[in-house]
Amino acid sequence: MLESPLDARHHVQSMLMRESLLDKQVMASTESPVVRMLPHVHVVKVGGRSILDAGKAVAYPVVDVLGELLKTERLILGVGGGVRSRHVFSIGLDLGLPTGVLAQISVADALGNAHILGTLLAPHGVVAIPPEIFGHLLPLFIHSAPGVIFNGVPPYSLWEHPPAVGRIPPHRTDAGCLILGECFGCKSVTLVKDVDGLYTEDPRENPNASFIDSIGARELKRRALKSLPFDEVLPDILLTARLVTQFQVVNGRDPDRIAAAVRGEHAGTIVYAD
């Protein structure tokens, strides 16, 4: 603490005490190494519509693979809201609800799927964690159990960023899982979908679409593909991340690919920070 002879007030000496936090040079000076809180933990996002909504035939094999992984790996499992989130978005859009409200109400559907997955993985000691305490107590949970499950929705809620087009919240469960992995410095981020990865076009509409084995985030943004199997904001998040340098998209209809991706193998499409 410093005290001026002409000023009885106390001041905290710091590098930013007399600087504007809008100054670009000041911002550049704040670059420094970042601590990895959970460096040995993997984030796996399980698609709501693509996996859980598909029913027992698709969901159970994924659960079996995750159960095997939990014997040797620490996992943070995120889930999407699936068809129910799309339904509530449709109602909200019809009623004229703003983006922030749509983001807030989408949490309930994703949390429901988190409890479903938590029930199926309960024999492995994994349960869904309420979003109110998940982030704050995550290190405690992950050191007490082989894995935890959360709803995947980032808590922007009413403060969700307005999208450039339309009103659908841009930060959904894929984004929430990537941001969580970045914040805690996790080892890997894997998105489990119902396609092999990224294609030049939607393979359901064009069977001749070319598969993209790997691609840089900047190149992906430059291509401006019509359809993506993940939240459109992910390349932007990846380009400003410090700890997570890539994520991988794999097909959960072939569950062994999930295990391969967690083990560090190339099992789908890798999007990396170029």
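One-based numbering along the sequence shown.
Remark: Phe184 engages no residue in a ring pair (Phe, Tyr, Trp, His ring centres under 6.0 Å) (not counting sequence neighbours). Phe230 is linked by a ring pair (Phe, Tyr, Trp, His ring centres under 6.0 Å) to Phe247, counting only residues two or more places apart in sequence or in another chain. Residues forming a salt bridge (Lys or Arg N to Asp or Glu O under 4.0 Å) with Lys71 (at least two apart in sequence, or on another chain): Glu68. Every residue two or more places apart in sequence or in another chain that forms a salt bridge (Lys or Arg N to Asp or Glu O under 4.0 Å) with Arg257 is listed here: Asp196, Asp254. Shown here are the ring pair (Phe, Tyr, Trp, His ring centres under 6.0 Å) partners of His266, two or more places apart in sequence or in another chain: there are none.
One hydrophobic cluster, built from ILVMFWY side chains closer than 4.5 Å, holds both Leu69 and Val250. Ile133 and Tyr156 fall within the same hydrophobic cluster, where Ile, Leu, Val, Met, Phe, Trp and Tyr residues are linked whenever their side-chain heavy atoms come under 4.5 Å apart, directly or through other members. The hydrophobic cluster containing Met37 also contains Phe141, counting ILVMFWY residues as joined when their side-chain heavy atoms lie under 4.5 angstrom apart, directly or transitively. One hydrophobic cluster holds both Val62 and Val44 under the rule that ILVMFWY side chains link at heavy-atom gaps under 4.5 Å. A single hydrophobic cluster is seen to contain both Val79 and Val262, as judged by linkage of ILVMFWY side chains at heavy-atom distances under 4.5 Å, directly or through other members.
Contact check for Leu137 versus Ile129: no side-chain heavy atoms found under the 4.5 Å cut-off. In this structure, the side chains of Ser214 and Tyr272 come closer than 4.5 Å at one or more pairs of heavy atoms.
Counting all heavy atoms, side chain and backbone alike, Pro229 lies closest to Val249 at CG-CG1, 4.5 Å. Listed here is the closest heavy atom pair of Asp274 and Ala217: OD1-N, 3.3 Å. Here the closest non-hydrogen pair linking Gly252 and Ile51 is CA-CD1, 3.8 Å.
Residue pairs satisfying the side-chain hydrogen bond (donor to acceptor under 3.5 Å, both in side chains) criterion with at least one member in residues 34-55, sequence neighbours excluded, are listed as follows: His42-Glu73, His42-Ser188, Lys45-Thr173, Lys45-Asp174. The side-chain hydrogen bond (donor to acceptor under 3.5 Å, both in side chains) pairs that include a residue from residues 138-153 number zero, where partners must be two or more places apart or lie in different chains.
In this structure, Phe211 places its CZ atom where more than 12 heavy-atom neighbours from other residues, nucleotides or ligands lie under 6.0 Å away.
Panel note: side chain Thr190, backbone Ala261; no donor-acceptor pair is recorded below 3.5 Å. Remark: side-chain polar atoms of Gln248 are paired, donor with acceptor, to backbone N or O of Glu265 under 3.5 angstrom. The backbone N or O of Val244 sits less than 3.5 Å from a side-chain atom of Glu182, completing a donor-acceptor pair. With hydrogens and angles disregarded, no donor-acceptor distance shorter than 3.5 Å links the side chain of Arg253 to the backbone of Val195.
Residue Ile149 holds its CD1 atom at 5.0 Å from CG of Leu77, rounded to the nearest 0.5 Å. One finds the CD atom of Gln246 at 12.0 Å from the OG1 atom of Thr269 (value rounded to the nearest 0.5 Å). Here the SG-CZ distance, from Cys177 to Phe150, works out to 4.0 Å after rounding to the nearest 0.5 Å. For the atom pair Ile142 CD1 and Arg74 CZ, the distance stands at 6.5 Å (nearest 0.5 Å). Ile270 contributes atom CD1, which lies 9.5 Å from atom OG1 of Thr245 (distance to the nearest 0.5 angstrom). Between Leu75 atom CG and Lys187 atom NZ the span is 11.5 Å, to the nearest 0.5 Å.
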Could you list the donor-acceptor pairs under 3.5 angstrom formed by side chains in residues 89-102, with sequence neighbours left out?
{"residue": "Ser90", "atom": "OG", "partner": "Arg86", "partner atom": "O", "Å": "3.0"}
{"residue": "Thr99", "atom": "OG1", "partner": "Arg167", "partner atom": "O", "Å": "2.8"}

Between side-chain atoms of residues 232-241 and protein atoms elsewhere (two or more places apart, or another chain), which donor-acceptor pairs fall under 3.5 Å?
{"residue": "Asp236", "atom": "OD1", "partner": "Lys221", "partner atom": "NZ", "Å": "2.7"}
{"residue": "Thr240", "atom": "OG1", "partner": "Asp236", "partner atom": "O", "Å": "3.3"}
{"residue": "Thr240", "atom": "OG1", "partner": "Ile237", "partner atom": "O", "Å": "3.2"}

Check residues 202-209 and write down every donor-acceptor pair under 3.5 Å in which the side-chain atom is one partner and the other belongs to a residue at least two apart or another chain.
{"residue": "Asp202", "atom": "OD1", "partner": "Arg204", "partner atom": "N", "Å": "2.9"}
{"residue": "Arg204", "atom": "NH2", "partner": "Asp194", "partner atom": "OD1", "Å": "2.7"}
{"residue": "Arg204", "atom": "NH2", "partner": "Asp194", "partner atom": "OD2", "Å": "2.9"}
{"residue": "Asn206", "atom": "OD1", "partner": "Asn208", "partner atom": "N", "Å": "3.0"}
{"residue": "Asn206", "atom": "ND2", "partner": "Glu201", "partner atom": "OE2", "Å": "3.1"}

Only distances under 3.5 Å count here; give the side-chain donor-acceptor pairs of residues 157-166 to other protein atoms, sequence neighbours excluded, each with its distance to 0.1 Å.
{"residue": "Glu160", "atom": "OE1", "partner": "His171", "partner atom": "ND1", "Å": "2.9"}
{"residue": "Glu160", "atom": "OE2", "partner": "His171", "partner atom": "N", "Å": "3.2"}

Contacts under 3.5 angstrom, residues 108-128 side chains, donor-acceptor by atom type, not counting sequence neighbours:
{"residue": "Asn113", "atom": "OD1", "partner": "Arg84", "partner atom": "NH2", "Å": "2.4"}
{"residue": "Asn113", "atom": "ND2", "partner": "Gly80", "partner atom": "O", "Å": "2.7"}
{"residue": "Asn113", "atom": "ND2", "partner": "Gly81", "partner atom": "O", "Å": "3.4"}
{"residue": "Thr119", "atom": "OG1", "partner": "His115", "partner atom": "O", "Å": "2.8"}

Next item on the list: May I have the step-by-step check of side-chain contact (heavy atoms from CB on, under 4.5 Å) for Ile76 and Phe134, ending in yes or no?
Entry: CA-CA 11 Å; Ile76 298 172; Phe134 175 78; 4.0 Å; yes
Next item on the list: Evaluate the criterion side-chain contact (heavy atoms from CB on, under 4.5 Å) for residue pair Leu38 and Leu138; output intermediate values, then yes/no.
Entry: CA-CA 9 Å; Leu38 298 174; Leu138 177 56; 4.0 Å; yes
Note to self: Let's go through Ile258 and Asn251 carefully: what are the C-alpha distance in whole Å and the side-chain angles of both, what is the deciding distance for side-chain contact (heavy atoms from CB on, under 4.5 Å) to 0.1 Å, and is it a yes or a no?
What the structure shows: CA-CA 8 Å; Ile258 304 173; Asn251 194 340; over 6 Å; no
Check: Which is it for Val46 and Leu66 under the side-chain contact (heavy atoms from CB on, under 4.5 Å) test, yes or no, and what are the steps along the way?
Finding: CA-CA 10 Å; Val46 178; Leu66 293 176; 4.3 Å; yes
